[in-house]
Amino acid sequence: MTPQTAAATELPAQYQPGEVETRRYERWAADGLFGVDPASDRPAYSIVIPPPNVTGSLHMGHALDHTMQDALIRRRRMQGYEALWMPGMDHAGIATQNVVERQLAEQDGKSRHDLGRDAFVRRVWQWKDEYGGRILGQMRRLGDSVDWSRERFTMDAGLSSAVGTIFKRLYDDGLIYRAERIINWCPRCLTALSDIEVEHSDDEGELVSIRYGEGDSAIVVATTRAETMLGDTAVAVHPEDARYAHLVGTEVELPFTGRRIPVVPDAHVDPSFGTGAVKVTPAHDPNDFEIGQRHDLPSITVLDEHGVITAHGPFEGLDRFEARPAIVAALREQGRIVAEKRPYVHAVGHCSRCNTTVEPRLSKQWFVKVEPLAKAAGDAVRDGRVAIHPPEQEKRYFAWVDNMHDWCISRQLWWGHRIPIWYGPAGEMVCVGPDEEPPSGEGWTQDADVLDTWFSSALWPFSTLGWPERTPELAKFYPTSVLVTGYDILFFWVVRMMMFGLYAMAGRQPFDQVVLHGLVRDQFGKKMSKSRGNVVDPLEWMDRFGADATRFTLARGVNPGADVAVSEEWAQGSRNFCNKLWNATRFALLNGATVAGPLPTELSTVDRWVLSRLHATVAEVDRLFEEYEFAKLCDTLYHFAWDDVCDWYLELSKPVLAAGGPAADATRRVLGEVLDVLLRLLHPVMPFVTDELWEALTGPGAGRSVMVAEWPTPDDARRDAAAENRIAVLQRIVTEVRRFRSDQGLKPGQKVAARLVFPADDAGVAAHEPLIRSLARLADAGDGFEPTASLTVADVEVALDTRGSIDVAAERARLEKDLTAARKERDGCAAKLGNEAFLAKAPEPVVGKIRGRLAAAEADIARLTDALEGLTGRG
RNA sequence: GGGCGCGUAGCUCAGCGGGAGAGCAUCCGCCUUACAAGCGGAGGGUCGCAGGUUCGAUCCCUGCCGCGCCCA
């Protein structure tokens, strides 16, 4: 096909997405359709993309997330909004450093320490330029209509300045502090982690009961971490535990070390767990750390940064997982092991980046004091300034913000925003703002750590718009309209962006709405994972089925609050739907459909019917978009396009178009109208095929695209209940005849002589007898017409002459089936109407409806009984 | 252990007080001049179990069983 207009006759019989998608995307970009103008008078609508990781590539989760955002943006753009979708990536501190360190080791056999900090960071930038951001090209394939001219990266100068600015502000406000605490430590990544970067799973470990001390003064503690006993500085029991009351205040000797440690009373101890006595290791357990604080216990660190035992005799140099059995064995030799349980299943934390078991570690780190920030974040939702969809997710949000721990923001990495704190020779500590000069002179050094990536990501909704500068973009597009992300990211993204947005922007929220979607799962509802081998690559789907089919499959699965199951079969179905649209448009163009001029004032019932259905669809889809009901709006469009338009309207139009004349002209215009509006409605979800077809239908032009066509608005004046009812009856008649034909085994091409009788014709269907005959393949009742069977729909009777070839047994089976259903219906209705309580208490409309159903059922029974009697003796 | 959610057709999911629905899959018949990536037709469900409220429960309430997720 040529890059020019696809004229009707040029459209191939099947839609080929590959070439169309590339060409369309390039054209949108060339025509500048993605960009926005902050100076425009149009109302603003804005979305910032949840920045993907610079090391990442597009997976199904992104594809879903982006499809939703793109659909929202495209609709608003068509509605005339200045619609900004902001693209970019985050620098993913740990992940990126890991990738580059691995590359360095493989290519040069060096560690980052061999290079030194500055050279290593330069190397990461080189890696980023060469390999980073693969996902950006993949977003183009998906059709993301982001404003590429505004692409941002969290390590850019501007965003780095934003990081420095907010750090200083928080520091000066006393909301950032440094403290020695137990933090989550990854012994492989060699850095601290925040609480949410730790994933808990129930793992098999062991529960060992160890006897400390001798004789009457002995006490037995239960632990899953025997190896940390070298750092114990107390044994704790519940203050009201009578079993140990006599031991509180005494001391026991700690094996191997000879240290004497006290037995302390602490309400934190659960008397029902294990023996009711626990070892206390303040340097290696967060709860023990708190017990230690309460009782003024020393903290003794016995594991180094790699998780290896330090000092302390025979166990020195052993990894924590080698030390555990070694220490248990040694204790057993001493007769101190009272009980052992394994496997003992308990929750264990793992590094979300490398899955290494996290080691609680006592160290000096930087923290954000979240209490006032989290309270503001909670209040913004509580008082309705920010709405969360679906609202059930609010509970999770509140549970989190109302119980948030201080946020550990320092990371022992080189790749990231270095903490802007300088330490002086005399113990001074100075926070240096982005526009300030660091203190000069002997002995001043900058803090070696960098900030958590999420610290910079939390600024994304305003740092990308130019903050801390007061830019036109910030004025126009902040607060952003909606944030779309998975519910699993609620705590990462939403909470942190809320905290920093409200803080930095004088109480103005970063977004008005939060839309949370589920996880993409496989066709059996199972989570996709490499180990399960059920991961589907969206790029492969785009290759095989097209980007539109991929997007439609995902969007059609989005029910608020639920996960999204997908499978190849459904992607195929979506591809088939693209092809259906393609061929419907092809048919229309081959038959002279047009969008020129106003709609004719004289319209047939069929034309009025389809326009009525069209505007019902417009209204429905519009409403569903507002409610983020993607599955339902996709379904509505699918059924309107396939059922109403393709199965019925196009078929009903064929005889009209074939006959020609003014009626055909009117239908050509209505056909053009229906497709024009339908393609516009579908465009946000299926941008490529709709653009290709819309141009073919409405003609080419510079800068013309369905992407910037007007979003349809529902027109109640086009709703026509009479026409809808009339066509509904017509459809039931046709369907009933087709059912008869199928039951009788008649060939689809075989015409059957029939006579149609319209006694009252309340619905006004009689005028459409030719259409009924056409769709049901009925011939005129000529001379010698002898009805051998009859069907009744509403008050219309269709008498058929099958010329003696009727299959009596099949017809009897059919009638008996209908009769059984009718009797069941009659009995059910009669039972209700025979119930005094029902008549007395049910509302009148309900009673009336049941009366009507009873009458209809009785009429059906009479008719079917007659028909069955007429059949006896024949065959 | 705490909290949230879910159990409806073979699969994935809608529906959430008055006639059990969709897509895909299945079965039957069709190359009907837009489309076989298609057309026409059909079968298939004591709506997890047990109680309760109600004239009426898949839908509301309680309990139980099973599953999932988050937090500790």
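The chains referred to below are lettered A, B, ... by the order of the sequence lines, with proteins before strands, and numbering in each begins at 1.
- A donor-acceptor contact under 3.5 Å is formed by the side chain of A:Arg853 with the base of B:G19.
- For A:Glu651 and B:A34, a side-chain-to-base donor-acceptor distance below 3.5 Å is present, hydrogens and geometry of angles not being considered.
- At a cut-off of 3.5 angstrom, counting only N and O atoms as typed in the model, there is no donor on one side facing an acceptor on the other between the side-chain of A:Glu392 and the base of B:G5.
- A:Phe398 has its CZ atom 15 Å from the C1' atom of B:C4, to the nearest Å.
- Nucleic acid contact for A:Thr735: sugar-phosphate only, since backbone atoms but no base atoms lie under 4.0 Å from a heavy atom of the residue.
- Side-chain contact check for A:Thr553 and A:Ser574: at least one donor-acceptor pair (N or O, by modelled atom type) lies under 3.5 Å.
- For A:Trp493 and A:Trp454, the ring centers are positioned less than 6.0 Å apart.
- In summary, the side chains of A:Glu620 and A:Thr617 do not present any donor paired with an acceptor at a separation below 3.5 Å, with no hydrogens or angles considered.
- Checked by distance alone, A:Gln14 brings a side-chain donor or acceptor within 3.5 Å of a matching partner on the base of B:A37.
- Within 4.0 Å (heavy atoms only), A:Arg556 reaches sugar-phosphate atoms of the nucleic acid but no base atom.
- Looking at heavy-atom distances under 4.0 Å, A:Lys580 makes contact with a base.
- With a cut-off of 3.5 Å on both pairing distances, the Watson-Crick or G-U wobble partner of B:G51 is B:C61.
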